[in-house]
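Here is how names work: the chains are called A, B, and so on, in the same order as the sequence lines, proteins then strands, and each is numbered from 1.
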Number of protein chains: 2
Amino acid sequence: MLDTLLGGQSLPAGELAYIAGVTPQTASSHLSKLIDANVLLVETNGRHRYYRLASPEVAQLMELIAAVTPPVRVRSLRESEQMKKVRHARTCYDHLAGRLGVDLTKSMLDNGLIEVESPTDFSLTSQGHDHFRQFGIDFSVIKLGRRVFARRCLDWSERYHHVGGLLGATLTSALFERRWIERVEGLRAVKVTDVGRSGFREFFGLDVKEIIKA
Amino acid sequence: MLDTLLGGQSLPAGELAYIAGVTPQTASSHLSKLIDANVLLVETNGRHRYYRLASPEVAQLMELIAAVTPPVRVRSLRESEQMKKVRHARTCYDHLAGRLGVDLTKSMLDNGLIEVESPTDFSLTSQGHDHFRQFGIDFSVIKLGRRVFARRCLDWSERYHHVGGLLGATLTSALFERRWIERVEGLRAVKVTDVGRSGFREFFGLDVKEIIKA
DNA sequence: GCTAAATTTCGATTATCATCGAAATATGAA
DNA sequence: TTCATATTTCGATGATAATCGAAATTTAGC
């Protein structure tokens with residue numbers, strides 16, 4: 001959770017729990033300890049509680065710990081293959097991340113479907129609205145609710161942003177529905193199907209470099 | 001045990017056990033974990049095994065933890081007096097910290113001996129080079145090796161930076177050699193001698209406010 | 001080679017922590 | 001109001017860690 005927050009974002013408890021792979025109760029327990037220890041700050045916003053690092057010193061602290069700690073040894077070929085799959089394409093909460101998520105984001109930027117609105121957010125251009133309407137998703141009728149529309153989410157494996165928020169989530173669930181992507185059993189990784197491979201090329205001008213074999 | 005080793009000394013396991021108030025078995029168990037975690041190094045010298053911090057980064061890490069952590073409640077008058085001494089002047093790994101370390105750093109900045117080079121580093125000005133040559137230290141002939149020359153190290157008690165790195169270490173060991181400062185028995189604290197008091201005034205334009213009495 | 005000192009390893013006990021189901025709380029929406 | 005969602009609190013259980021006695025290991029000095 002701390003590693004995720006190192007990017008400087010504020011995230012709600014549920015999302016941090018998902019990322020850490022624990023239940024919300026467990027995450028809540030850890031988060032409150034981290035608050036007490038002056039490591040995190042929380043900002044209450046309605047029923048969401050956004051957690052973030054308490055100070056630049058904490059970020060410096062974590063970088064130092066990473067510098068002092070011996071690098072985590074990958075113990076087996078299987079683990080290393082799994083790591084490759086996870087780096088290639090995975091879900092981050094409910095949207096695409098990894099190489100695929102980042103490349104898709106870059107191609108949407110290049111094609112003028114989205115643009116960088118602020119350090120923390122993307123926005124959908126009118127061209128993007130049209131393009132996604134053709135794709136079968138009409139974002140002009142989708143209600144925002146409390147959720148951010150298109151978060152710029154820092155990708156730990158690619159060190160670049162991918163699209164999160166409602167846009168990322170809606171797009172990703174559509175990709176699952178159309179079977180462009182499928183979950184890899186037991187991992188956070190996803191694989192691109194043959195249908196997806198041609199779909200990404202035609203619709204997003206994106207050549208998916210390596211297809212992960214199931 | 002780590003707090004004791006922050007003074008920069010090497011100590012045997014038995015002594016660290018005594019200081020921490022645990023049996024040698026318990027200390028040994030913790031020390032071996034700290035070795036595995038790259039926090040400590042051990043030097044075997046006959047049947048004694050001398051433990052010390054593994055790197056300046058570990059010292060910086062611990063000072064940062066102290067800076068982030070909420071202050072510990074002081075339980076007794078004696079503890080409070082000890083705390084005062086430690087806050088006044090102490091060694092941080094191998095360089096000066098506390099009020100004295102911070103004031104010395106400020107006076108070197110004011111007198112143009114050093115300047116802020118980056119958020120993490122100081123640098124020695126040409127005036128500083130001359131001044132230290134007069135003092136008897138020629139930094140132009142000291143090899144850097146892998147160590148940072150003059151780190152801006154955050155001071156937990158003063159919430160300001162003091163000089164670490166090679167510059168801080170070289171200066172501090174010279175101060176011990178000339179008996180401007182001496183260790184306080186059983187603590188990380190140091191005290192300024194009468195010689196040091198006049199020396200700091202003449203050479204660094206620094207009035208040492210309170211002399212810690214032994 | 002023997003003995004004493006410093007330290008570690010082993011094993012058992014006790015204390016503490018992590019975890020999650022169930023229930024409570026808080027908020028926003030219908 | 002009622003329902004759904006986000007989050008926390010409580011409580012029980014299983015896992016992990018701390019601790020130290022006993023015994024093993026290492027080495028200095030005799």
Passing candidate, side-chain hydrogen bond (donor to acceptor under 3.5 Å, both in side chains) with Ser157(B), options Arg90(B), Glu63(B), His88(B), Arg87(B): Arg90(B)
Distance in angstrom units between Tyr50(A) OH and dA26(C) P, rounded: 20 Å
Length of the CD-C1' vector between Glu43(A) and dT27(C), whole Å: 16 Å
Integer-rounded Å distance: dC20(C) C1' and Tyr18(A) OH: 18 Å
Distance in angstrom units between Leu40(B) CG and dT7(C) C1', rounded: 16 Å
Within 45° cone and under 6.0 Å: Arg152(B) NZ/CZ vs Tyr160(B) ring: no
Atom-pair distance (CG on Leu11(A); P on dA6(D)), nearest Å: 14 Å
NZ/NE/NH1/NH2 to OD/OE distance under 4.0 Å, Arg49(A) and Glu43(A): no
B/S/- contact track for nucleotides 14-23 of chain D, protein heavy atom under 4.0 Å: ----SBBBB-
Sugar-phosphate, base or nothing in reach of Tyr51(A), heavy atoms under 4.0 Å: sugar-phosphate
Leu34(B) CG to dT7(C) C1', straight-line distance once rounded to whole Å: 16 Å
Whole-Å distance separating the CG atom of Leu31(B) from the P atom of dA6(C): 16 Å
Distance in angstrom units between Arg49(A) CZ and dT8(D) P, rounded: 5 Å
Distance-only polar pair, side chains of Thr23(B) and Thr26(B), donor-acceptor under 3.5 Å: yes
Phe135(B) six-ring face occupied by Arg178(B) cation (under 6.0 Å, within 45°): yes
Listed pairs under 3.5 Å, donor-acceptor, residues 166-175 of chain A side chains, sequence neighbours left out:
{"from": "Thr170(A)", "atom 1": "OG1", "to": "Leu166(A)", "atom 2": "O", "distance (Å)": "2.7"}
{"from": "Thr172(A)", "atom 1": "OG1", "to": "Leu96(A)", "atom 2": "N", "distance (Å)": "3.1"}
{"from": "Thr172(A)", "atom 1": "OG1", "to": "Gly168(A)", "atom 2": "O", "distance (Å)": "2.6"}
{"from": "Ser173(A)", "atom 1": "OG", "to": "Ala169(A)", "atom 2": "O", "distance (Å)": "3.4"}
{"from": "Ser173(A)", "atom 1": "OG", "to": "Thr170(A)", "atom 2": "O", "distance (Å)": "3.1"}

